Amino acid sequence: MIKVEIISVGKLKENFWKSAINEYAKRLKVFCNFSILEVKDEKIADNISDNEITKIKEIEGKRILSRIKQDSFIFCLDMRGKEYSSEKFAARLNKLATYDTSKFVFIIGGSLGLSQEVLNMADERVSFGKFTLPHQLMRVVLTEQIYRSFMINNGRVYHK
């Protein structure tokens, strides 16, 4: 069975985000082994310097890297990454699952983004557009798109 894991910096605090994630996670169980790992985020002071931003991203990045399994295909969410339509994203996942791997890791950084080390280890960088979204909302959007991909790839009537 395909394994899909999201590694995300920070915890979901609001119940409405948790409810949305739980609903898609329940739906995904038909198609894959789905899980979310949360790594601790660092406190961010006001008027933070560029050096402090880099240091925080590196600390969070080490936490992310310690949780990645080596035999996984790693997608990092990055505004400079490749943009897909839902159909093309579904086709990409299907092709990878058919020919390359059955383990996918999606990484969502904290509010400052991902460290260069994490970005460099990615097999692919994916962008959901130029909008800046809270990472809690991005987790919901990503989970929904993963679910949509499985529905498309299995010929189900969710995607119109």
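Every heavy atom of this structure was used, including side-chain atoms; hydrogens, water molecules and symmetry mates were not. Small disclaimer: the values here were computed from a predicted structure and weren't measured.
The same ILVMFWY cluster, assembled from side-chain heavy atoms under 4.5 Å apart, contains both F128 and Y24. A single hydrophobic cluster is not seen to contain both M1 and L28; linkage of ILVMFWY side chains at heavy-atom distances under 4.5 Å, directly or through other members, places them apart. Both L12 and V140 are assigned to one and the same hydrophobic cluster, defined by single-linkage of ILVMFWY side chains at heavy-atom distances under 4.5 Å. L137 and I21 fall within a single hydrophobic cluster, where Ile, Leu, Val, Met, Phe, Trp and Tyr are joined by side-chain heavy atoms under 4.5 Å apart, directly or via other members. No single ILVMFWY cluster, assembled from side-chain heavy atoms under 4.5 Å apart, contains both I36 and V118.
Closest heavy-atom contact between N153 and A90: ND2-O, 2.9 Å.
Listed by first and then second residue, the side chain to side chain donor-acceptor pair (under 3.5 Å) pairs involving residues 98-108 are D71-K103 (not counting sequence neighbours). Residue pairs meeting the side chain to side chain donor-acceptor pair (under 3.5 Å) criterion with at least one partner in residues 56-66, sequence neighbours excluded, are E42-R63. The ring pair (Phe, Tyr, Trp, His ring centres under 6.0 Å) pairs that include a residue from residues 39-62 number zero, where partners must be two or more places apart or lie in different chains. The salt bridge (Lys or Arg N to Asp or Glu O under 4.0 Å) pairs that include a residue from residues 121-146 are E38-R139, D78-R125, R92-E124, E144-R148, where partners are two or more places apart or lie in different chains.
For K18, there are no side chain to side chain donor-acceptor pair (under 3.5 Å) partners at least two apart in sequence or on another chain. Take N120 and apply the side chain to side chain donor-acceptor pair (under 3.5 Å) test, not counting sequence neighbours, and it matches Q116.
One finds a salt bridge joining K69 and E5 here, because a Lys/Arg side-chain nitrogen approaches an Asp/Glu carboxylate oxygen to under 4.0 Å.
Aromatic ring pairs are classed by plane angle as parallel below 30°, tilted from 30° to 60° and perpendicular above 60°; the pair F31 and F150 is parallel.
You'll find the side chain of V126 stays beyond 4.5 Å of the side chain of F106, heavy atoms only.
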